[in-house]
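For ligands, and for the atoms within them, numbers begin at 1 and follow the listed sequence.
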Amino acid sequence: MKNKVLVTGGAGYIGSHTCIALHEAGYEMVVYDNLSNSSVEAINRVSALIDRPIDFIQGDIRDKKRLNQVFDEHKFFGVIHFAGLKAVGESVAKPLMYYDNNVSGSITLLEVMMAHQVDNLIFSSSATVYGDPKTLPIDETAPRSCTNPYGQSKLMIEHMLEDLATAYPSLNLISLRYFNPVGAHPSGQIGEDPNDIPNNLMPYISQVAVGKLERLSIFGDDYPTVDGTGVRDFIHVTDLAQGHVAALNYLQQHASSNSSSDAAGSVGFLPINLGTGKGTSVLDLVAAFTKVSKQPIPYQFAARRAGDIASCYASADKAKELLGWEAKLSITEMCQDTWRWQSKNPNGYA
Ligand code: NAD
Ligand code: UDP
């Protein structure tokens, strides 16, 4: 079926929001997730939001037998591949776990896709593949390098996809390089639900605002930026979800897939940034969140975090040119939706 996709990692933060966008755009999906970093409650809530059951399979992308069964049962146009581990610090402590889960898991998935003549893939990559950028904004031709096993796993998968696209010209492999996804669905029903203490800025801020954490530590006040704090390209998760729909639509139009009859030409390996193109400092985000939540957000300055870079923001031109996609939502909307999710669900899905 040309409109049916497999969504690996679809119970997770970005995957759950993307399932809603896919449904709204008329796609059908099967969600495949081992729930290692997510909850079946996310699936239940997505199902309630779209008012229909989700075809959900609990499984691991490294389980070739199970994946083969799923591909035998369903005829997929393509795969949106979110499944992966994503905590930088944990990847430094447990590198093999990251290479096994992310790289070996992707190899298994690709083998099964190829065995079933499914040629279309959208992969969750990251701005982390750009390392410490020499120029800003960062476009897709910037050199790539990584400093931690998580980033290396993304880069290794990208290299693998490039080599595959060269070896098999029928493959259509889009690598979406996300900048900093934040925010939540406007219903406040689904959002980011980190295990333990959050590593990332936005969930940390929102947990301070809701009173779960005492104060934010701002890592570094002496970066060469507007106010000395780090600058990032925060992007609303629902904009990001729309980016996946746009990429899928692009594949529908351009992919010379074995599984589609009205093929137009091969896409090969196509990396595309998903960001807003705007940089926001840590202090700016704290100020915006304070204004929206009307809660005090106590903070202190602390030493720079190892491996952090000063500034990172995207050139989002390629996504606009090729996919007709651009981010629409503002920092205020990102804070409003995060706050709605956090204040309605102080303990996440628990
Ligand atoms: P998430 O942890 O919320 O979602 C990932 C999902 O994959 C989880 O539901 C998890 O249970 C599942 N999963 C992990 N390993 C699996 C396996 N072996 N088999 C089956 N399912 C597995 O993370 P997210 O924030 O939604 O990120 C989705 C993807 O985007 C990840 O690949 C991540 O590396 C990438 N990414 C995320 C960010 C970010 O800041 N959130 C930034 C850039 C890239
Ligand atoms: N940051 C911070 N305190 C925190 C978490 C993050 O000051 O508790 C800063 C971090 O140093 C960086 C920015 O916020 O400058 C974004 O960090 P995050 O981990 O969210 O994203 P990434 O570093 O992966 O871009």
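For Ser47 (side chain) and Ile43 (main-chain N/O), no donor-acceptor pair under 3.5 Å exists by modelled atom type.
Shown here are the side-chain contact (heavy atoms from CB on, under 4.5 Å) partners of Pro143, two or more places apart in sequence or in another chain: there are none. With sequence neighbours excluded, the residues satisfying salt bridge (Lys or Arg N to Asp or Glu O under 4.0 Å) with Arg144 are Glu158, Glu162.
Below 30°, between 30° and 60°, or above 60°: for Phe76 and His74 the angle between ring planes is below 30°, a parallel geometry. Ring pair Tyr150/Tyr98 is perpendicular by interplanar angle, where above 60° counts as perpendicular and below 30° as parallel. Ring-plane geometry between Tyr349 and Trp341 is classed as tilted, the angle between the planes lying from 30 to 60 degrees on a 0 to 90 degree scale.
No side-chain donor from either of Ser315 and Asp139 sits under 3.5 Å from a side-chain acceptor of the other. No side-chain N or O of Asn180 forms a donor-acceptor pair with one of Asp233 less than 3.5 Å apart.
In this structure, ligand 1 sits under 4.0 Å from heavy atoms belonging to Gly9, Ala11, Gly12, Tyr13, Ile14, Asp33, Asn34, Leu35, Ser36, Asn37, Ser38, Gly59, Asp60, Ile61, Arg62, Phe82, Ala83, Gly84, Lys86, Asn101, Ser124, Ser125, Ser126, Tyr150, Lys154, Tyr178, Pro181. When heavy-atom distances to ligand 2 are checked against 4.0 Å, the residues falling inside are Asn180, Asn199, Asn200, Leu201, Tyr204, Leu216, Ser217, Ile218, Phe219, Gly230, Arg232, Val282, Arg305, Asp308, ordered by chain and number.
A salt bridge links Arg305 to Asp308: at least one charged side-chain nitrogen sits closer than 4.0 Å to a carboxylate oxygen.
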